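To start, the structure itself, in structure tokens.
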Amino acid sequence: MTSFAVTKLVAAKDLRIELRSRVLINQVLPFAAITMVLFAFALDQDDLLVRVAPGLVWLATLFSMLVVVQRSFAVEAGDGALDALRVAGVPAQGIYFGKAAALAVQLLVLETLLFAAAFVLYSSRFDGAGVFLLITSALAASCGLGLVGTLYGGLTTGTKGRESLLPLLLLPVVAPVLIGATRATEAALGVGRISMQEGWAWVALLVTYALLFGIGGSIGFGPLVDDTA
Amino acid sequence: MSGPTSTRATRAIGIATIVGLIWFVAFGLFLSPDDAVQRKGVRILYIHVPSAWLAYLAFIVTAVSSAAYLWKRTRSLTWDRLAGASAEVGVLFMGITLLTGSLWGRVSWGVYWVWDSRVTTTAFLFVTYLGYLAVRGLGGSHEQRARRSAVVALLAVLEIPLVHFSVEWWRPLHQQESIAKGKLQNLMLFSLFVGVIVFTLLYVWLVMHRQRVLAMQDALDDRGLEFAIAERRQEASL
């Protein structure tokens with residue numbers, strides 16, 4: 001079986017588990033929504049909320065992502081499913097890209113909700129050209145986050161005590177995504193001092209990030225997960 | 001492996017480091033003049049710059065050793081232990097860099113922290129390598145530890161330039177380096193130079209010892225069970 005076929009199967013499997021267990025819908029999305037409400041309580045100023053909405057959306061995405069990543073690997077660690085896949089000779093790259101794709105899809109769902117929340121709660125507004133930039137940057141950022149999240153999720157899965165390590169390892173690595181995606185979103189929403197052109201340049205950074213970690217992850221994921229036992 | 005971790009080489013480096021430190025203190029605190037603007041504040045730089053240099057050197061050594069471990073032809077746990085020892089010393093000096101840097105910033109710029117790309121990247125490097133050390137402590141066999149931490153060290157090499165670039169792009173304001181501007185006088189530059197040499201010696205000395213301690217720990221782990229069984233047998237035969 002080719003890596004691409006494995007990728008599709010693993011992604012479909014992860015999304016199917018998610019659809020049936022509804023952890024994202026029942027737990028992560030409400031968590032993200034309440035985070036957005038709490039940000040409003042903390043900042044307590046409508047003008048300021050409009051200005052910082054892009055940053056808050058992406059910050060809420062990162063925090064929620066930690067839960068999604070842990071969930072993504074908890075289902076693998078439960079019955080030694082990941083080890084079974086590897087022992088069965090399934091290529092590590094296929095598993096890596098499959099899980100990353102499923103994670104990226106879940107993050108996109110999450111971001112859609114968060115932008116809707118910003119629209120309703122913070123009065124964020126965007127026009128035609130802005131929407132295109134917003135969607136592209138969300139796609140690029142989700143791919144990058146999915147790839148990096150899967151990589152470090154694989155490392156921290158399994159034995160006890162590793163779960164608490166995930167935020168320490170993952171948050172510094174995803175800082176460029178937070179900066180890039182926030183600036184691109186600011187351009188799309190027309191807040192801050194970022195022009196549309198600069199917004200697209202930040203999207204280029206997000207794409208570069210996803211490519212670099214995609215390559216790094218496809219090489220590093222195998223050695224990282226093969227020793228989780 | 002048994003006996004102390006010192007050899008003739010480390011003893012020589014150790015003595016040279018102590019002599020160098022005395023020399024460094026003499027230059028840093030007494031022989032070099034006050035700066036016209038920063039006054040005594042400039043003396044913080046004599047610790048700050050060498051420790052920053054050392055921290056970056058330490059992380060380069062960690063990355064190179066990690067790559068050497070992952071490359072099949074040079075695979076040896078010695079590389080892994082060198083990477084670990086170097087990262088530990090690097091984290092220590094990175095902590096000193098951040099502390100002295102923020103103190104110097106308070107004296108010179110009036111604030112402890114600026115969102116300069118160099119400063120921010122340094123802080124990220126510090127946190128990243130704290131994570132690296134945590135990964136080293138995850139347990140498992142020596143080979144598992146080595147492989148896992150080597151991959152994490154190399155991923156950090158991917159991460160740090162991206163962080164640096166994105167922060168620089170985010171906040172393009174730069175604090176000019178004093179040395180680049182030529183503000184430091186000759187004796188001050190010489191004190192800095194002494195600091196770099198002495199700190200490098202200290203780094204080599206610490207890493208050599210730490211690497212040997214790690215090797216002893218690994219040996220103890222390997223033979224610990226054998227020892228325990230032998231001890232129980234001895235108890236039983238008494």
Side-chain angles (χ1 to χ4, degrees), chain A residues 55 92 144 147-148 151-152 154-184 186 192-194 198 201-202 204-206 208-229, chain B residues 59 63 66-67 69-72 75 80 87 91 94 115 117 119-173:
Chain A
L147 289 163
V148 176
L151 190 53
Y152 284 90
L155 169 67
T156 53
T157 190
T159 52
K160 61 180 178 180
R162 290 193 185 184
E163 286 76 10
S164 54
L165 193 55
L166 183 68
L168 172 64
L169 291 177
L170 194 52
L171 288 179
V173 183
V174 295
V177 177
L178 177 68
I179 298 178
T182 305
R183 295 292 93 77
E186 280 176 356
R193 298 179 300 273
I194 312 271
E198 277 179 276
W202 282 108
L205 173 87
L206 293 173
T208 311
Y209 180 93
L211 282 176
L212 283 177
F213 272 98
I215 296 166
S218 66
I219 301 166
F221 186 72
L224 279 183
V225 292
D226 279 352
D227 57 25
T228 50
Chain B
F59 296 137
S66 299
Y69 177 80
L70 286 178
W71 202 37
K72 280 198 178 113
R75 181 160 299 174
D80 167 63
V91 163
M94 190 61 82
W115 290 103
S117 60
V119 177
T120 314
T121 306
T122 307
F124 269 84
L125 199 56
F126 182 64
V127 177
T128 301
Y129 275 89
L130 282 180
Y132 169 82
L133 291 181
V135 167
R136 290 191 70 84
L138 278 179
S141 71
H142 304 325
E143 284 74 21
Q144 285 175 341
R145 176 199 65 202
R147 196 152 32 127
R148 211 158 41 201
S149 52
V151 172
V152 172
L154 291 182
L155 286 174
V157 174
L158 205 60
E159 172 209 338
I160 292 304
L162 277 167
V163 169
H164 184 85
F165 178 69
S166 53
V167 175
E168 191 165 72
W169 204 5
W170 168 52
R171 288 278 169 98
L173 302 165

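Just so it is clear, the model here is predicted, and its values are computed rather than measured. Each chain gets a letter, A, B and so on, in the order its sequence line appears, and its residues count up from 1.
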Worksheet item: Under 4.5 Å between any side-chain heavy atoms of B/Val135 and A/Leu169, yes or no?
Response: yes

Worksheet item: How long is the gap from CD1 on A/Ile179 to CZ on B/Phe165, to the nearest 0.5 Å?
Response: 11.0 Å

Solution key, residues 214-225 of chain A side-chain donor-acceptor pairs under 3.5 Å, sequence neighbours excluded:
| unit_1 | atom_1 | unit_2 | atom_2 | d |
| --- | --- | --- | --- | --- |
| A/Ser218 | OG | A/Gly214 | O | 3.3 |
| A/Ser218 | OG | A/Ile215 | O | 2.8 |

Item to complete: Could you tell me which portion of B/Val163 (side chain, backbone, both or neither) has an atom closer than 4.5 angstrom to a non-hydrogen atom of chain A?
Response: both

Fill in: Of all pairs that satisfy salt bridge (Lys or Arg N to Asp or Glu O under 4.0 Å), the ones with a partner from residues 153-164 of chain B, not counting sequence neighbours
none

Response to the item:
Looking only at heavy atoms, the pair that brings B/Phe124 and A/Ala175 closest together is CE2-CB, 3.4 Å

Practice prompt. Answer with side chain, backbone, both or neither: which region of A/Leu212 has an atom nearer than 4.5 Å to a non-hydrogen atom of chain B?
Written response: both

Item to complete: Could you look at A/Leu151 and say if it's the side chain, the backbone, both or neither that has a heavy atom under 4.5 Å from chain B?
Response: side chain

Worksheet entry | Closest heavy-atom pair and its distance - B/Trp170, A/Trp202 | N-CH2, 3.8 Å

Worksheet item: Got a second to check how far A/Thr156's OG1 is from B/Leu138's CG, nearest 0.5 Å?
Response: 8.5 Å

Worksheet item: With only heavy atoms counted, which part of A/Phe213 is less than 4.5 Å from chain B, the side chain, the backbone, both or neither?
Response: both

Worksheet item: Is there a side-chain contact between B/Val127 and A/Leu171 (heavy atoms, below 4.5 Å)?
Response: no

Practice prompt. Count the heavy-atom pairs under 4.5 Å between each of B/Ala134, B/Ser166, B/Ser141 and chain A, then report the option with the highest count.
Written response: B/Ser166

